[in-house]
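Here's the structure, in structure tokens; my notes come after.
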Amino acid sequence: HYMIQRLITSEGSIKIADFMDELYVSSYTVNKNLKIVREVLSVYHLRVIKESNKGIIVKGYEQNKRICILNECPYFDMMKKSIYCCESFRNSIETEETAKFVLREIVQRILYEDGHYTMPVKGIEKIITALILVINRIQQGCHVDYRFFLHNKIEIKGTYSYSVVGRILKEVGEAFQITFNEEERAFMSVIQLGFRDIMSYEEVFVKDYFEEGYSMAEDILNHITEVLDIVGLARNKNLRERMALHLISGLTRIRNNLIIDYIPFYLTHNGSFLATELAVLATGVIKEKLDCTINSNEIDYLAFHFDNA
């Protein structure tokens with residue numbers, strides 16, 4: 001993880017010898033770990049390139065680098081008090097406490113102004129970290145690619161997250177004297193939608209997304225009924241609707257490689273083996289439909305919803 005964090009936040013190439021000195025390991029160990037680093041970064045469509053007489057550098061779109069950075073934050077938190085604390089990574093995701101206080105005040109106030117917009121406390125912390133990352137990356141001259149905006153504009157512009165993010169970025173921009181373009185707004189909207197709890201499909205901004213989630217929920221419940229022969233599961237309208245609402249944020253996370261890391265891991269230790277089995281079957285359907293990899297945390301999160309149901 002140190003190598004990933006160092007590469008993903010470095011402004012230039014890094015030599016194998018640098019990693020040897022920083023990690024106190026041999027060139028063999030660095031190259032061995034580099035194979036794993038390549039596999040991890042390929043999930044984000046990022047490439048590790050060896051430049052002649054320079055070193056190693058990560059190539060790819062800025063938005064993919066940012067998502068990788070956000071997903072690495074929990075690992076950094078575990079490492080930052082050790083010799084493996086990566087300073088360039090710290091400089092990307094941290095800021096002064098006073099600035100963080102201002103960001104938290106703006107985000108919480110705007111989110112709480114509307115009762116329809118719900119987000120867990122840890123989800124709000126994710127948004128604050130993402131805002132710090134966006135500000136730091138812009139100041140470093142790293143900007144979201146315009147093609148990301150074109151790809152996501154139609155999908156994200158009609159969501160309430162896009163509207164809320166616009167208000168947040170306006171106030172943050174005024175407070176920190178920084179300008180956010182439409183690409184940055186689209187990026188933050190994707191992040192915010194990915195960590196949002198959607199409670200009602202009556203919200204006008206959710207209706208288009210609800211249809212996709214509802215269709216996926218039907219396929220999931222039909223598949224589970226077929227495999228496990230659980231009578232009445234596929235006809236449970238309430239379960240289908242709740243799952244559809246969950247999938248609005250869930251599918252956003254899956255499509256954009258966002259990892260949710262604040263779900264209850266006690267499920268399988270609390271007699272919820274059936275919920276876990278249902279979640280495994282559900283993610284199998286999603287994986288087949290979307291033809292993508294799914295982080296194991298999504299299984300735990302789905303199991304949480306099945307357990308509650």
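For this chain, numbers begin at 1 and follow the sequence in order. Computation of the quantities below employed the complete heavy-atom set of this structure, encompassing side-chain atoms and omitting hydrogens, waters and symmetry-equivalent molecules.
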*Nearest non-hydrogen partners of S92 and N136, listed with the distance*: O-ND2, 3.0 Å
*Taking all non-hydrogen atoms of both residues into account, name the closest pair between G194 and L258 and its distance.*
CA-CD1, 4.5 Å
*Cation-pi geometry met for R185 and F180 (6.0 Å, 45°)*: no
_Ring-ring centroid check H1 Y84, cutoff 6.0 Å_ = no
*What do the steps show when you test E125 against R104 for salt bridge (Lys or Arg N to Asp or Glu O under 4.0 Å), and what is the final call?*
CA-CA 8 Å; E125 290 303 312; R104 184 177 286 106; 2.9 Å; yes
*Please check if atom CD in Q140 has more than 12 non-hydrogen atoms from other residues, nucleotides or ligands closer than 6.0 Å.*
yes
*Heavy-atom side-chain proximity of F76 to C85 below 4.5 angstrom*: yes
*So, do K289 and D219 sit near enough that their side-chain heavy atoms are less than 4.5 Å apart?*
yes
*R137 pairs by salt bridge (Lys or Arg N to Asp or Glu O under 4.0 Å) with which of E184, E183, E62?*
E62
_Contact between I168 and M188 at the side-chain level, heavy atoms closer than 4.5 Å - yes or no?_
no
*Kindly say whether I259 contributes a backbone atom to a donor-acceptor pair with the side chain of N295 at under 3.5 angstrom?*
no
*Step by step, work out the salt bridge (Lys or Arg N to Asp or Glu O under 4.0 Å) result for R6 and D18.*
CA-CA 11 Å; R6 182 89 158 79; D18 292 333; 5.0 Å; no
*Would you say the side chains of E51 and S13 form a donor-acceptor pair under 3.5 Å?*
yes
*Would you mind telling me which of E72, Q5, M3, K80 makes a side-chain contact (heavy atoms from CB on, under 4.5 Å) with C86?*
Q5
*Is the CD atom of E174 crowded by more than 12 outside heavy atoms at less than 6.0 Å?*
yes
*Would a 4.5 Å heavy-atom cut-off, applied to side chains only, mark L34 and K50 as touching?*
yes
*Heavy-atom side-chain contact between R66 and L70 under 4.5 Å*: no
*In sequence, state the C-alpha distance, the side-chain angles, and the governing distance for I220 and M243, and then conclude on side chain to side chain contact (heavy atoms under 4.5 Å, CB included).*
CA-CA 9 Å; I220 287 170; M243 182 177 292; 3.9 Å; yes
*Hey, are S249 and T252 close enough side-chain-wise for a donor-acceptor pair under 3.5 Å?*
no
*Going by the side-chain contact (heavy atoms from CB on, under 4.5 Å) test, name the single residue among I135, T98, I127 that passes it with L103.*
I135
*When rounded to the nearest 0.5 angstrom, what is the spacing between CD in E94 and OG1 in T129?*
9.0 Å
*How close do I49 and K59 get, heavy atom to heavy atom, and via which atoms?*
CG1-CG, 3.6 Å
*asked:* So which atom in I4 and which in C68 form the shortest heavy-atom distance, rounded to 0.1 Å?
replied: CG2-SG, 4.0 Å
_Shortest non-hydrogen separation from N71 to N257 and the atoms involved_ = ND2-O, 2.6 Å
